[in-house]
2 protein chains.
Amino acid sequence: MARRPTVTSVQIAREAGVAQSTVSRVLNGGSVAPGTRRRVLEVLAKYDFQPSQAARSLVGARSGLIGVVIRDLTNPFYPVMIKAMERVLHGQGLRLTLVTDVLTAEEGLALLRREGVDGVVFTSAVADDPLAHRIVDHGIPLVLCHRTLEGFPADQVEADNVTAGRLAADHVLALGHRRIAMVRGPAGASTAEQRGHGFRQRAEDTRGTVLTEVDGSYDYAVAYAAVRALLSEPSPPTALFCQNDVMAYAALNAAAACGVAVPRELSVVGCDDVPLSAWERIDLTTVRQPLARIAEVGVELLLGRLAEPDAPYRHELLPVEFVERSTTAPA
Amino acid sequence: MARRPTVTSVQIAREAGVAQSTVSRVLNGGSVAPGTRRRVLEVLAKYDFQPSQAARSLVGARSGLIGVVIRDLTNPFYPVMIKAMERVLHGQGLRLTLVTDVLTAEEGLALLRREGVDGVVFTSAVADDPLAHRIVDHGIPLVLCHRTLEGFPADQVEADNVTAGRLAADHVLALGHRRIAMVRGPAGASTAEQRGHGFRQRAEDTRGTVLTEVDGSYDYAVAYAAVRALLSEPSPPTALFCQNDVMAYAALNAAAACGVAVPRELSVVGCDDVPLSAWERIDLTTVRQPLARIAEVGVELLLGRLAEPDAPYRHELLPVEFVERSTTAPA
DNA sequence: CTGAAAGCGCTTACAG
DNA sequence: CTGAAAGCGCTTACAG
């Protein structure tokens, strides 16, 4: 069963008439005489040689593997990030290994350790996240990307979510809405807390505002049920701020199911601006987060950390942008 | 830089007072005396030992790594498949490495070879696919999953796409539509060819049917533009069969952009039944494909192949199901 | 610039 | 049941 007719550097060396270490040097850019290099490169090309990653990471200081933790792969948000990360990583000759919610925290940690990842980009952190903490306990370089953790010993990058919440609130309040509901993400997710904080702040500053909060857990089904419940109350809100786009979609659909017209009877604002949100059938008013950029910066921070392990921690804050579409209207 | 305070099996052996090979045996289920095993397990637990995958795959016959080729990660279709595959793989102690369209065929192949994958599940095959062919040329076990290739030397699993096309046609024709357009997937994709074949067959069997075909490449933007063009022709079709759901969404949105009412002026049928399709705002009539099941069977076929390399090739055909929602109406 | 050698952390026969 | 030893395919000092 051992499919092993693979060409090794020893065979390349033999055929090129050099030592195996010389092959290694041309592969890794060591100093080799031009003639020797050419001869080796020829044989390398002849066999389309690919060095074994297993051997490399066993002997080298680096495995060339970066772990990417993305719990909920079904949020349309993440494919965009994965692609952006892959692009940066690939440019550096690095690979990516995904940890989704198919694994528990313990299993995920075990996986990352067995694989010997050089570092981890963590996108799904929540307060007291067992996986994030265990990763740093094991001395594995980590960056918190998209969701952050205050005081956590790691580089971090996130959007300006407080401003996102404020922008959403300003819009809704300016339209005259005062009976408002906020569909929250999970407790412990920094994005949810910051967006909630920004929104609440503005709502409190505006006289006569009644703000109801319900949990949607950044989950379609949870948010859908929560919004249906909200809409069947005696005096339902006239505006909804959903802390992410997926929950806003759930809200739009729940409203449709309840026969509530958007935006005439109900205004809906999301947050993220996933590509879907621009679809005519959705056309969601939302706050744009620079998804791809967040992912790129996350990877870049990690690469910087690997290059300079003792540099002070960095914390990047990326700007957001209000996007008005057709799911909001005057009260 | 070499983060290497990792505990190795040698240290476990020393602390447990046994040979390193004994540690290896308790790890891999070799025969070990109960007392010895207990002692080793204790030390293993004490350090939460994780064996190095690099060393394992270097020395063993298997790397425990399965390559999964998914070109277009942004199709909401694929997260469902990835999760299903991960689940099966994880149950067998195997891991997954993704190859998306960030890499060219050559780069993808190089990656799979360097990583030493035990096998590959290929979901995005097209006729004369360079990557698929090169993978088998290198003797790497391969299964074609979701999209197949006639006569290709590999296990294959797919939905009954010909029937899918027929079901879509039967529905539209029964509603009385005769001026019909089909938005096709890319030439060379078996799903597109089979769905097209089934649909065409029924259309040809029905007197008075005029079938126009346009290319949508299974891509939102391409399909969107194609449908807008279609709808601005002098006598546009009254019904559209989009060979996948993503293109059907594009069609719904293009119709909205053109002020064409669905389903009153235009009926739209998709194919796949991604979760999105059930949303009230979409509510797409479509043909359901057992996404998760296709993915599972794909992985199972590969595992079977690894266990029995010389077994005859299998070809599984999974049933589809028509799902009537609200994007279709009588002509 | 180049080669001989050690060694990364495991699995797998091979003895006993 | 258990240990000593070889070896997987590389990278990395170390000589020359």
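Protein chains get the first letters and strands the later ones, always in sequence-line order, with residue 1 at the start of each.
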Could you tell me whether the phosphate oxygens of [N], OP1 or OP2, come under 4.0 Å of any side-chain nitrogen or oxygen in [X]?
X: Arg56(B); N: dC10(C); answer: no
X: Thr36(B); N: dT2(D); answer: yes
X: Ser21(A); N: dC10(D); answer: no
X: Thr22(A); N: dT2(C); answer: no
X: Ser9(A); N: dG9(D); answer: no

Round to a whole Å and report the spacing from [atom1] of [X] to [atom2] of [N].
X: Gln20(B); N: dT12(C); atom1: CD; atom2: P; value: 12 Å
X: Arg14(B); N: dA4(D); atom1: CZ; atom2: P; value: 13 Å
X: Leu27(B); N: dC10(C); atom1: CG; atom2: P; value: 8 Å
X: Glu115(B); N: dG9(D); atom1: CD; atom2: C1'; value: 15 Å
X: Gln53(B); N: dC8(C); atom1: CD; atom2: P; value: 19 Å
X: Leu44(B); N: dC10(C); atom1: CG; atom2: P; value: 10 Å
X: Arg114(B); N: dT11(D); atom1: CZ; atom2: P; value: 12 Å
X: Asn28(A); N: dT2(C); atom1: CG; atom2: C1'; value: 16 Å

Carboxylate-amine/guanidinium contact Arg314(B) Asp155(B), below 4.0 Å: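 Looking at Asp155(B) together with Arg314(B), the answer is no, because their closest N to O distance does not fall below 4.0 Å.
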Answer yes when Asp129(A) and Arg134(A) have at least one side-chain N-carboxylate O distance shorter than 4.0 Å, and no when they do not.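 No, no charged N to carboxylate O under 4.0 Å.
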What's the closest nucleotide to the [X] side chain, out of [options]?
X: Thr8(A); options: dC1(C), dG3(D), dC10(D); result: dC10(D)
X: Ala19(B); options: dC10(D), dA4(D), dC1(D); result: dA4(D)
X: Leu58(B); options: dG3(D), dT11(C), dG9(D); result: dG9(D)

Flag the pair Val68(B) / Val120(B) as yes when at least one side-chain heavy-atom distance between them is below 4.5 Å, and no otherwise.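 Not in contact.
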Leu144(A) side chain near Phe152(A) side chain, heavy-atom distance below 4.5 Å: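 The answer is yes; the side chains approach within 4.5 Å.
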Please verify the inter-ring angle class for His146(A) with Tyr78(A); under 30° counts as parallel, over 60° as perpendicular, anything in between as tilted.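 Plane angle over 60°, so perpendicular.
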Across the strands shown, which category fits [X] at heavy-atom distances under 4.0 angstrom: base, sugar-phosphate, nothing?
X: Val18(B); result: sugar-phosphate
X: Ser31(A); result: base
X: Ser24(A); result: base

Toward the 5' end of DNA chain C, by each residue's nearest nucleotide, Arg25(B) or Ala55(B):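 It is Ala55(B) whose nearest nucleotide is closer to the 5' end.
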Considering every strand shown, what is the Watson-Crick or G-U wobble mate of dA13(D) when both distances are under 3.5 Å?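 Checking every strand shown, dA13(D) finds no partner, since no pair has both distances under 3.5 Å.
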Base-pairing assignment for dA4(C) (Watson-Crick or G-U wobble, both under 3.5 Å):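 By the stated definition (distances under 3.5 Å), nothing pairs with dA4(C).
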Stepwise side chain to side chain contact (heavy atoms under 4.5 Å, CB included) test for Thr22(B) and Arg25(B): CA-CA 5 Å; Thr22(B) 299; Arg25(B) 268 184 225 106; 3.5 Å; yes
